[in-house]
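Since we're looking at a predicted model, the values are computed, not measured. Residue indices begin at 1 and follow the sequence shown.
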Amino acid sequence: MWIIVAISGQQDEQSMDPAEKEAFFQVMESLNSEWDWRSLLPDPCGENTLQGMICDVVDDANSSFPNSIHLVGLSVGKIQSNTPSCSANATIHPSIAKLSHLKSLAFYGCFTKSPATIPASIAAIATLSTLTFQNNPALQGPIPAELANLRHLERLILVGNGLAGEIPAELGDLTSLQQLVISQNPGILGALPRTLKFLSSLVILDLSHNAFDSIANLSLAGLDRLRKLDLSNNRINATLGSLESLPPGLELLDLSHNLLRGGREGNFLEPLLGLATLRELYLHSNPIQGAIPSIGWERLGASLISLDISDSQLRGAIPSNLGALPSLRFLGLARNELTGAIPRELARLDQLAEINLSENSLAGPVPFSIDSITRFGSKLKLGNNTGLCYPPQILSMIQQSSSSSLSSQGMLDPCDKSTLPVAFQVGNYAPSPSSSIIARGSSTFGVIIAATFATFFVHSH
């Protein structure tokens with residue numbers, strides 16, 4: 001059941017342009033032929049309308065009905081129970097081009113069974129600022145190059161559809177575009193178009209979960225407003241050195257789940273050193289190979305809060321200058337081939353709230369104090385490093401604690417006192433006064449500090 005809602009304003013003396021009204025009926029009848037739209041909404045922008053429809057008075061000197069009321073927003077599909085829905089055989093009627101005052105047009109879960117395409121006629125709606133197709137698995141075919149004619153478009157969202165082919169180079173003409181999200185379309189493939197560099201107003205570029213395989217000759221350095229770049233979950237086969245031309249103002253860079261290799265001479269960090277405002281960096285699940293660079297981390301600045309290079313075929317030691325990232329809250333280095341000890345510098349990162357070093361070949365004493373271990377709780381992940389051990393006094397405190405999250409850390413063996421470095425022996429590795437409460441098994445120390453992660457746009461991992 002749909003709910004008819006009243007819309008406010010002095011609309012009794014105004015009516016919808018008859019040509020626009022007829023176009024509306026044709027569009028809605030093609031989207032849902034099961035409803036008698038002409039009887040349900042005899043005046044679509046009258047006193048009563050549906051959720052998902054926005055009408056407004058527009059002064060249009062070119063219209064034969066100046067100062068008439070027009071449809072300026074239309075959202076169709078599975079949004080709310082009272083939003084106009086689509087039938088199984090939904091299509092988009094060419095008359096949609098006659099809804100010439102639309103600023104926002106969205107289709108959510110509308111095309112799920114019968115194949116449909118994005119009609120080029122949408123490009124005739126020159127007033128559009130937002131165009132959305134989301135969760136339409138039966139929406140097939142290419143992205144129309146004609147969309148480049150929408151020169152006022154600020155947001156283009158194409159997520160979870162069945163679109164295929166390459167991104168049209170013509171989309172580089174959309175210089176007003178602030179948000180371009182083409183994601184979760186497995187048939188979108190090929191190289192990223194070089195013309196992306198002309199999208200000078202872009203703030204968010206999300207091309208994740210597609211089948212792109214190349215970033216050859218892609219330069220985004222001129223996109224000064226770009227803050228989020230997500231190319232994750234594609235098939236990009238390149239070196240990280242191919243990304244030398246990145247916008248210096250990036251705050252989130254996600255290149256995870258691709259086929260990316262290290263940069264020049266194996267230093268995969270080099271192309272990223274100019275990103276002084278970067279807050280989140282995700283490189284995990286790539287065949288990067290080689291060692292974690294031992295220099296350069298301090299040049300990423302004090303902003304980095306999340307770093308994940310897990311599952312990347314990395315070898316060698318964890319460099320101590322990862323401790324030069326004072327704002328770091330999450331560090332992921334799991335499922336690599338790392339060896340050696342955990343650097344004591346990591347224990348000095350007082351903002352660190354989660355660290356995953358599991359499934360490596362690390363060895364030696366865990367350098368974190370009991371206070372840090374308590375802060376991490378279950379988010380300290382060191383499993384499957386058979387050479388790691390806890391200094392005996394730290395392990396004793398963990399085992400005596402009433403906190404189950406602390407007790408779970410006791411899976412590591414105690415260090416052999418005869419081989420324990422002097423810095424980790426009793427007297428040189430003394431717990432803070434608050435730690436003695438845990439050693440006595442006090443139940444008052446059961447609170448774990450939870451980590452909260454700041455993200456720039458709706459982005460989850």
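Here the side chains of I69 and D56 are not in contact, with every heavy-atom distance at 4.5 Å or above. Between L352 and F330 the shortest side-chain heavy-atom distance does not fall below 4.5 Å. With a 4.5 Å cut-off on side-chain heavy atoms, F133 and Y108 do not count as touching. Side chains of L362 and I342 form a contact here, defined as non-hydrogen atoms less than 4.5 Å apart. Between P44 and M53 the shortest side-chain heavy-atom distance falls below 4.5 Å. Contact of the L156 side chain with the L177 side chain is registered, since non-hydrogen atoms from C-beta on lie closer than 4.5 Å. At least one side-chain heavy atom of L380 sits under 4.5 Å from a side-chain heavy atom of F368.
Between the side chains of S256 and S285, no donor-acceptor pair is found at a separation under 3.5 Å. With 3.5 Å as the limit, one finds no donor-acceptor pair spanning the side chains of N336 and N360. Between the side chains of E29 and H93, not a single donor N or O lies within less than 3.5 Å of an accepting N or O.
Listed for the S121 side chain is no donor-acceptor partner under 3.5 Å among the backbone atoms of A97. Checked by atom type and distance alone, the side chain of N149 never pairs as donor or acceptor with a backbone atom of A123 at under 3.5 Å. With hydrogens and angles disregarded, no donor-acceptor distance shorter than 3.5 Å links the side chain of S95 to the backbone of Q26. At distances below 3.5 Å, not a single donor-acceptor pair connects side-chain atoms of D17 with backbone N or O atoms of S68. Without hydrogens or angle criteria, S320 side chain to P343 main chain gives no donor-acceptor distance under 3.5 Å. A donor-acceptor contact shorter than 3.5 Å links the side chain of N286 to the backbone of N258. At distances below 3.5 Å, at least one donor-acceptor pair connects side-chain atoms of T277 with backbone N or O atoms of L250. In this structure, T195 contributes its side chain and A169 its backbone to a donor-acceptor pair below 3.5 Å. For D311 (side chain) and Q313 (main-chain N/O), no donor-acceptor pair under 3.5 Å exists by modelled atom type. Of the possible donor and acceptor atoms, none in the side chain of S312 sits under 3.5 Å from a partner among the backbone N and O of L314.
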Report task. Kindly determine whether N89 and S33 satisfy side chain to side chain contact (heavy atoms under 4.5 Å, CB included), including the steps that lead there. Result -> CA-CA 8 Å; N89 60 345; S33 58; 3.9 Å; yes
Query raised in the report: Checking side chain to side chain contact (heavy atoms under 4.5 Å, CB included) for the pair L253/L272: CA distance, chi angles, key distance, verdict?
Result: CA-CA 10 Å; L253 177 60; L272 311 176; 3.8 Å; yes
Query raised in the report: Does the pair L147 and L153 meet the rule for a side chain to side chain contact (heavy atoms under 4.5 Å, CB included), with working shown?
Result: CA-CA 9 Å; L147 295 184; L153 200 64; 5.7 Å; no
Query - Chi angles and distances behind the side-chain hydrogen bond (donor to acceptor under 3.5 Å, both in side chains) call for S306, E280 - result: CA-CA 5 Å; S306 187; E280 300 177 62; 5.0 Å; no
Report task. Test side chain to side chain contact (heavy atoms under 4.5 Å, CB included) on D254 and L281 and set out the steps. Result -> CA-CA 6 Å; D254 191 345; L281 176 59; over 6 Å; no
Report task. Start with the C-alpha gap between R261 and N237, add the side-chain angles, then the distance that decides, and say whether side-chain hydrogen bond (donor to acceptor under 3.5 Å, both in side chains) holds. Result -> CA-CA 8 Å; R261 304 177 302 281; N237 191 340; 2.5 Å; yes
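K21 NZ: more than 12 foreign heavy atoms inside a 6.0 Å radius. Around CG of L259, the count of heavy atoms belonging to other residues, nucleotides or ligands within 6.0 Å exceeds 12. The local environment of CZ in R235 is sparse, with at most 12 non-hydrogen atoms from other residues, nucleotides or ligands closer than 6.0 Å.
In summary, K103 and E154 do not engage in a salt bridge, as defined by a charged side-chain N under 4.0 Å from a carboxylate O.
Ring geometry for F24 versus W37: interplanar angle over 60°, hence perpendicular rather than tilted (30 to 60°). The aromatic rings of Y282 and H284 stand perpendicular to each other, their planes meeting at an angle above 60°, with 30° marking the opposite boundary.
The heavy-atom pair separating P326 from Q351 by the smallest distance is O-CG, 3.5 Å. Residues L322 and L349 come closest through the heavy atom pair O-CD1, 4.0 Å. Between P84 and Q51, the shortest heavy-atom distance links the atoms CD-O, 2.8 Å. The nearest pair of heavy atoms linking D230 to S232 is OD1-OG, 2.7 Å. Of all heavy-atom pairs spanning G332 and S310, the tightest one is C-OG, 3.2 Å. I143 approaches P168 most closely through the heavy-atom pair O-CG, 3.2 Å.
In summary, of the residues considered (L229, L196, I188), a side-chain contact (heavy atoms from CB on, under 4.5 Å) with L207 occurs for L196 alone. Here the rule is side-chain contact (heavy atoms from CB on, under 4.5 Å) with I118, and of I92, N161, L131, L158 only L158 fits it. For the side-chain contact (heavy atoms from CB on, under 4.5 Å) with L192, the lone residue among N234, N217, L231 that qualifies is L231.
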